[in-house]
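If you're wondering where the values come from, they're calculated on a predicted model, not measured in any experiment.
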Amino acid sequence: MGLAGMEVPIIGSDSVNWVELSVSPSSSTSTSTSTSPPFAPLTVEDYSSSCSIIQHHHDSPTYLIWRIHKTLPHSLELLQLSSSTNAGFPSVGLRFTFPDALSPFASVCVSQNQITLYVLTISGLAFLLKLTNNISTYNVSNSTFPPDHLFEFDIRRTHSNHGPITSVAATAGCLVAGFNDGSVCCFQLGTILDHTAPGFVHELRDDSGMGRLWGFMSRGRIVGPVQDLVIYEVHGKQFLFVLHSDGILRVWDSTSHSRIFSHSMSIPELAGATFKRLWVGQVENDSSIIPLAILYGETSEVSLEMIYVYGLHCSFGDRTILLLEPSVQNILLEEGGCIDVKLTSDKIWILKDNGLVFHNLLLTAVNVEEAQCYALQEEFVADQLFQSSEHSSDDLLWITHSIFSSGKDHIVPFVSSIFLRRLLCPGIHHNMSLRATLLDYNRHWSDSEFQSLTADGLKKEILSLIEHEGSTENPSVFYCWKNFCTRYYHNWCKNNAPCGLFVDSSSGAIGLIRKNSFSLFRCMEDIERLISGSSDEFGDLVSSGLDLFDDVLECEILLEVFRCVIRISQQLGKTASAIFYESRVSAPVISSEEILPCVSKILVTGYSSSAAVLHISDIGADIAWEKKMADHKNLRKFSIDMLVSLHALCKRADTWGIVLNVIENFLKFIVPRKIIHNLDAETPSSINAVTLVQATSQISQVMFETAMDILLFLTYLVNISGQIHMCHDDISRIQLEMVPMIEEIVSEWLIIHFFATTPSQPAAIEDFSLQLSSLQIDSNMGKRSWNEKLGKCHFTLAFILLLNMQSLPGGHTLLSSRCLPNPHDISNSIQDFTSWIIWGKSGEPSSFLSHSRELALILLRHGQYDAAKYLLTMVEAHLRKEKTSQSIQDSDSQWCILHHLLGCCFLAQAQYASHGMMKEKKVNEAVCCFFRASSGKGASQALQSLSHKAGFEHLNFTGCVSDAAWRLHYYQWAMQIFEQHNISEGAYQFALAALEQVDEALSPNGENSGGDPLSESTATTKGRLWANVFKFTLDLNHYYDAYCAIITNPDEESKYICLRRFIIVLYECGAMKILCGGQLPFIGLNDKVEQELARKAERSDILAKPNLYKLLYTFEMHRHNWRRAAGYMYLYSARLRSEATLKDYQNTALVLQERLNGLSAAINALHLVHPAYAWIDPLPEGNSLHNEHYPRKKARKVEEQAVCNDVQSQRWQSYIDIEKLENEFVLTSAEYFLSMANVKWTFTEIHNASTDLVDLLVQKSLYDMAFTVLLRFYKGSRLKRELERIFCAMSLKCCPNKVDSSCVRDDLRTHGLLLTSSKNEMAVHVSQDVCPATQQFKRNTQWETLELYLVKYRGFHAKLPVIVAETLLSMDPQIELPLWLVQMFKTLLAQHHSWQIILNLRLLFPC
C-alpha cells in the first residue's frame, strides 16, 4: 500500500475553552426517565463524532463538529470552524450537559439562518436545540440553555411497544428512529410543536397488496432490527436508507413515506457475517449512480472486516426506480479497526486505527486500483520522541557520549535541550497530554495557570521535574527523560485518539477529528515517497516525480545510492540529525562542524569506549556487555553490507565520478524551489495559515534529514575511500565542491524548520503598551490577541513571517481561499512559502542573502531578537566560508547591512538581559557589529536603503559626502540608539568614535564642506559630543573620566553646565570626597567649582549629608585658602542658627553641636592666617541669610517672622574676627549645655552675656560653663561681684539646713541666691521625705565642688574664701567650717598681714 500523504495537525485545536451550557428538560420527562433502563444505544466506544458543512451565500463554508466522549457521557461538544476568519482555529466551543447519558448520535442542520441540533439520550428522550448562526454568542459559562429554544420528545413513552431504539438519523425538521422490531418512525420534531397533533409521527409501512387487510402484517414481511439509518438527498429528492441486521436494505421516499427499494445485501462468500454500518456517497449532478458502502463484520472463515461498495442506479420519472448493481469493489480491512468511512462521488475514505486509507471508486470498472494510505500523527510523534523502537533513545545516549569528550557537564544540558525542543514542537506538543503527564508527577495547575504558561515557562517546569526525579529516584537524567517521554506518548495516544472523518467535496479537503484536536491531510512530496519506500519498493523514478535523468543507468545508480543512504540512516536512527540540529540552533556547546566527523567515525569504528563504560553504570555490566556485543555484531554486518553495496555501485557505474555526478544532479532536486512571486494582497491569519506552517515544518524536517543523510554518506565514502578504491580527485571533489553544496542545502532547510517550529519570543514586560493590553485598557483587540499569542508553543516564528507575507500567486492561493485546503493545495503552498523564505519575491540565485535581511527586519519589528540574531549569524557564517572578511567588506555592501542588523539584535538582547556578564557580552557584541557595519565599502548607501522601521529613522543623512562624514553621523546615530536603550557603555564608545571623525568630517577644506545637515560648527559639534561623553561616563560612575570630559570640552557654556551637573551627581551619589582628594586637576576651574559648590550648598538642606559647607571647607583648606574656609564654616553655623529658629528642629542639641563644630573649625582656620589678616569678610548682600532662610525650592518665611525671632539682628555690617567668633562659640556652648539640661535659652548678641545666663548655668550646676562666660565677658570689679554671687550660691548648696534646689525647684533669679527661713525650709524638707543618705551624698559632693572651684578661682578675687565663710555662717552661726576652708584662711593670713583681713577674720571668729 503506497503512502500518499500525511496528517497535518491544526495547531491550537488542542486548546479550546469550553462554554458549559446545561440542558434542563421538563419535570415530567425527567421524572419518567430518571430510573428507566436504556432505551437507545449506549456510547460503547470512547467517543463518537461527525461533521456537518454549512455553505453560506458568500461561498465560505462553516464546519460544525460535534463530539461525545465516553468519559463524559452526559456532554456533547460543538465547535464551529471557518477558514475565512482571521482567528485561526476557534478558541471557544460549546459543551452541552444533559441530565442523562447520550446515545452516540447527533445531527446538526441549518435552516433559515439557524442551527438545529438533534440529540438523543439513552433513555429515549430526544432533544432539539435551536442555536444562533454564530455559536460564539454563547459566551457565559455555567449557564442554562434558553428553554424557549429547546424542544423535547419522549420516544419511549409513545413507542415502547417497538422495543429499544437501535439507530437514529435526522434532517432539518425530522427525526427518524429505527427500532429493534425493524420498524422505522419519523417524528416532525421542531416542525410541529404539538406532539399529539396529526402528522407529528409517521411510521413507515408497506401498504401494497394484501398487507393492508392484516393488522399484524401491516409492515409487510418481518425484517430484522434496524442496523443503520442514512438520510440523503439525491437530485432534490430526500431518501431514507435503512439497513436491517438481516441484510435487507430498504430505501424510502421521505416525502411520501413510501418504500421505493428493498433488496437483500447478503453475500454467499460472507455467510454468517454481521451487517454493521451503511454509508451513502455523494452523487454528481450529471450522474445517476448513488455509491453505497456496507461494512461486514467477521465470519467464522474470514477474521477481518470487509467493506463492499455498490452502485445504485436511479431514474426519475413518473416513478422513482432504483436498481442495485452487483458489488464492484470489496475492501479487506487487514489491520486496525474501522473507525469511520466517508464516500464521495469517486473515492472512499476509510479511517482505521493505524491510518487513513482511500480507494478510487470503480463503479464501472472491473479492476481494483491499489489503495493509498495517509500516515497518522502517532507514527510521527513516536519517531520524534524516540518511541518508535526499543533502542532509539539508547542510541541517542550512546552517540551523545561518543561525540562529547567533556563528560556529563555538557551532555546532560544538551540532551535535555533535544528532548525539550521535541516535546514542545508544534504537532507533538499537546496541552491536555502534557498536563496529564505532569499530573502523573504530582504537578498541579488550574486551567488559567496552565494556559498562561509560555514555552519558556513550560521548559522550566519540565526541567525542574526532570532534575528532581534525577536527584531522588534515578541517578541518570537521560532515563528520566526516557520515562517522561514514554508517559507523554501514552497520554498523547490516549487523549488524542482519532474518532471521525470529514470530507469537503467542494474543496477536496480531508479532515481528521480527534478526541481533543483537529487535523487536515496533505500529499506527500516526491522525495518523501522516494525515501519512505524500502529498497525493493522504489519503483521507477518517473512515477515518483524524479524525472531528472534520461538514462536508465543513472536512475539505477541513484536507486542504489539511496539504498546506501537509507542503510546509514537506519544504522544511526534519527539521533544524528537531532544532535546536528540541536548543535546549530542552541547554545554552542560543541561546534556543528565537529559533529559530522564524530558521527562518521561512529559508522566506521562504533561507539567510543567512554560511552560503553558510562553505560555500564546505568544498566549494569551484564546488560551493557550484551549491548556491546550486539552493537559490535551490528556494526560488522553494516560495514560488510556497505562495502558490498558500494563495490557493486562502483562496478555498475564504472567510476566513482559517475556516481558523484548522479548525486550532484539529485542535489538540485532537494534545493528549495525558486518561484517568482507576484504578491499584492495581505495574508490573513486563518486555519489555512496554521496548516501551512505545520506542513512546512514536516517537509523541512524531511528535507533536512535527507540532506544530512547524503552528507553523512559522502563523508563515510571519504573515510573508507581506501577500501572502495576512490581516487584522490574524487575525494577532493567531495570535500571541496559537494560537501559545501550540501551544507548550504542543510542550512536552508534548517532555517525553514527553525522558523516553523521555534516558538516566538514573548513581548517584553517593559513594553507599556503590553501592560495596557494585559490590563485590557488598550482598545486594540488585535494587538492584545497578538501579544497573548507571542511566546506560546503553538505560535511559531513562521506565523510572524506569514502574516507579513502577501498572498501567494496563481492557483496556489491557499491562504486567501475561503475553503479548507485539499491535500494538493497544501503541498503547492509549501513550495511557495519555502521559496519565499529562502529566495524572496524574485527567486534570483544569490537573493537568499538579501532576503535574509528582509526576514531579519520582519523579526526585529516584532521583537523577535533572538531569532533575528540566529538568522543573521548563520548568514554571516555562510559568508565567511565563501570569502575572507576583508574581501566581503570590500566587495559586498550586504556585509554592512548584515552587521548593522546584528548590532540591533545584540542591542535589544542586552536591554532585556539581566545585569552581569551576559549583558556586558551582548553590549560588546553590539558595539563590534556597529563598528563593522560602518567600516565597509559602500556602507553609506547600503545602510540608508534600510527601511525606517529598522531603527534608522533618526539618521536623515543624504548626499554625496566623505567617509569621515558618514561615520560621524552613523556613530552619532549609534550613540543615540544606545542612549535610548539606557546602555551608557556603548553610547560612550560611539561618542568617542564620533569625536575622532569631527575634524576630518567638518573640515572647511575637505570634500564634505557644508555637508553637515545640522549646520553645526566644529566647536559646537565637539562641545555637544563631549557633553555626551560626560553624561555617559557619569552614568557609568566613571567620575575621573567624566571630569576629563568637562575640562576637554571646548564649549564654555556646555562645560559649565556639565560641571554643575557633575557636582549635583557627586552630591546625590555621596561621592563628593573626590573633589577634595587631589585626584582631579582643576585647571582654571577652581573658582567655578567653588561657585557651583556654594550655589548647591545655598540651595540644599543645611542638615543634609554630605554637607556641602564642610566640603567647601575641605576644598579651601586643601587650597590653603584659610580665610575662605573659615568663612564657609561660619556661614554654615549662621545658617544652622537662623534655620533652627525658623524650623524649630526637634533635636536642638544636634544642631547646637554642629554650630559649635562649625565655629570651632572657623576659629582654627583663622588661627592659620597671619594675625593682621585673621578676619572673615561679611556676608554679601545677595546671600540667602539676608533674604531667605530656606532653599529656593522651598516655601519662604515672611520677613516679619524673621524679625520676631531676632534673626535680622544677626546681619553683619562689619568684619568678623577671631574674638567675635570666640564670643559666639562661648555663648553657643552655654546654649548647648543648657539644652542638654532641658533648658531652652538663646542669645541675641555676641558682645555681652546677661546675668540670667550665669544664674541658669549655676542653677543647673554647670559651673565650668558659668565661670567661662564670666571670664569671657566680665572684667574688673564686675567680674569680682559675679564671682561672689556664684560662690555664695555654691556655698548655700553646702549648708545642711538647705533644701536641695532640685527638690524645692526655687528660682535663683527670684531669691537673689539667698533662701528664706530655715523653718520653712525644714517643713518643705520633711514634706519631701527625701532619703537622708542621698542628701548627705549630695552635700559631700557640693563641698568637694566648692573646694575645687574656690582653689581654682580665688586668684581672681582674694576675698572669695571670706565670702564663702560669711555665707555659711549667715545661714548657720553654729556651723562647723570644713578643715580645708580653715586651712585656706590660715594660708591667706600668712600671705597677707593687712589689718583688713585680720579684722574680717575676727568678725567671723570672735573667739
Side-chain angles (χ1 to χ4, degrees), residues 1130 1133-1134 1136-1138 1140-1141 1148-1149 1151-1164 1166 1175-1176 1204-1293 1301 1306-1314 1345-1346 1348-1350 1352-1357 1360 1363:
Y1130 183 73
S1133 176
L1136 279 173
R1137 184 184 177 197
S1138 63
T1141 304
T1148 307
V1151 176
L1152 292 172
Q1153 183 65 53
E1154 285 295 308
R1155 287 172 56 190
L1156 289 173
N1157 293 338
L1159 291 171
S1160 177
I1163 293 171
N1164 293 336
L1166 285 182
W1175 41 263
I1176 301 175
C1204 296
N1205 291 280
D1206 293 326
V1207 178
Q1208 294 297 323
S1209 63
Q1210 292 300 317
R1211 294 183 177 178
W1212 294 266
Q1213 302 300 332
S1214 61
Y1215 294 103
I1216 303 169
D1217 55 12
I1218 293 179
E1219 181 180 358
K1220 293 179 180 179
L1221 291 176
E1222 290 176 345
N1223 288 346
E1224 186 172 352
F1225 180 82
V1226 171
L1227 293 174
T1228 304
S1229 299
E1231 184 177 356
Y1232 170 73
F1233 284 113
L1234 287 174
S1235 68
M1236 297 298 291
N1238 297 323
V1239 176
K1240 188 175 183 181
W1241 176 87
T1242 186
F1243 60 93
T1244 57
E1245 58 179 348
I1246 60 175
H1247 303 288
N1248 295 310
S1250 65
T1251 57
D1252 291 343
L1253 172 60
V1254 178
D1255 293 343
L1256 286 174
L1257 293 171
V1258 173
Q1259 181 185 357
K1260 295 301 179 181
S1261 299
L1262 300 173
Y1263 303 119
D1264 280 330
M1265 195 68 248
F1267 287 119
T1268 302
V1269 172
L1270 288 180
L1271 296 177
R1272 184 69 194 175
F1273 293 99
Y1274 292 86
K1275 307 295 181 182
S1277 59
R1278 189 180 178 190
L1279 172 61
K1280 292 181 179 181
R1281 286 196 304 272
E1282 292 301 323
L1283 286 173
E1284 290 176 1
R1285 292 179 67 251
I1286 291 178
F1287 277 98
C1288 286
M1290 294 176 66
S1291 301
L1292 289 176
K1293 293 184 180 182
S1301 61
D1306 217 339
D1307 194 298
L1308 289 174
R1309 292 171 292 182
T1310 304
H1311 296 280
L1313 299 178
L1314 296 176
T1345 303
L1346 180 62
L1348 175 65
Y1349 287 103
L1350 189 58
K1352 186 175 182 180
Y1353 291 103
R1354 66 180 179 177
F1356 291 93
H1357 190 2
L1360 288 180
I1363 299 300

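- Between Tyr1263 and Phe1287, a ring centre-to-centre spacing not shorter than 6.0 Å is recorded.
- Of all non-hydrogen atoms in Val1269 and Ala1249, the two that sit nearest each other are CG1-CB, 3.5 Å.
- In this structure, NZ in Lys1240 is found 11.0 Å from OG in Ser1235, a value given to the nearest 0.5 Å.
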Query - Residue pair Ser1160, Asn1164: steps toward the side-chain contact (heavy atoms from CB on, under 4.5 Å) verdict - result: CA-CA 6 Å; Ser1160 177; Asn1164 293 336; 3.7 Å; yes
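- Residue Phe1233 holds its CZ atom at 13.5 Å from OG of Ser1261, rounded to the nearest 0.5 Å.
- Cation-pi geometry between Arg1137 and Phe1243 is met: the NZ or CZ atom falls under 6.0 Å from the ring centre, inside 45° of the normal.
- Atom CG of Leu1227 is separated from atom CG of Leu1159 by 10.0 Å, given to the nearest 0.5 angstrom.
- In this structure, Asn1223 contributes its side chain and Val1226 its backbone to no donor-acceptor pair below 3.5 Å.
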**Report entry** Verdict with supporting geometry, Leu1256 and Gln1259, side-chain contact (heavy atoms from CB on, under 4.5 Å)
**Finding:** CA-CA 5 Å; Leu1256 286 174; Gln1259 181 185 357; 4.0 Å; yes
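- Using modelled atom types, no side-chain atom of Tyr1274 and backbone atom of Leu1283 make a donor-acceptor pair closer than 3.5 Å.
- Going from atom CD1 of Ile1363 over to atom CD of Glu1284 covers 4.0 Å, rounded to the nearest 0.5 Å.
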Query raised in the report: What's the verdict on side-chain contact (heavy atoms from CB on, under 4.5 Å) for Leu1271 and Phe1356, showing C-alpha distance, side-chain angles and the deciding distance?
Result: CA-CA 10 Å; Leu1271 296 177; Phe1356 291 93; 3.7 Å; yes
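- You'll find the side chain of Asp1217 reaches within 4.5 Å of the side chain of Lys1220, heavy atoms only.
- Listed here is the closest heavy atom pair of Val1258 and Lys1293: O-NZ, 3.0 Å.
- Scanning all heavy atoms of the two residues, the minimum distance from Ala1230 to Leu1253 falls at CB-CD1, 3.9 Å.
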Report task. Step by step, work out the side-chain contact (heavy atoms from CB on, under 4.5 Å) result for Arg1272 and Glu1222. Result -> CA-CA 9 Å; Arg1272 184 69 194 175; Glu1222 290 176 345; 3.3 Å; yes
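- Separating the CG atom in Leu1166 from the CG atom in Leu1221 is a distance of 6.0 Å, to the nearest 0.5 Å.
- Taking 4.5 Å as the limit, every side-chain heavy atom of Thr1268 sits out of range of all side-chain heavy atoms of Ser1229.
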Report task. In sequence, state the C-alpha distance, the side-chain angles, and the governing distance for Glu1282 and Arg1285, and then conclude on salt bridge (charged side-chain N to carboxylate O under 4.0 Å, His left out). Result -> CA-CA 5 Å; Glu1282 292 301 323; Arg1285 292 179 67 251; 2.9 Å; yes
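- When all heavy atoms of Phe1273 and His1247 are compared, the closest pair comes out as CD2-O, 3.4 Å.
- In this structure, CD1 in Ile1286 is found 10.5 Å from OG1 in Thr1251, a value given to the nearest 0.5 Å.
- Side-chain polar atoms of Asn1157 and Gln1153 form a donor-acceptor pair below 3.5 angstrom.
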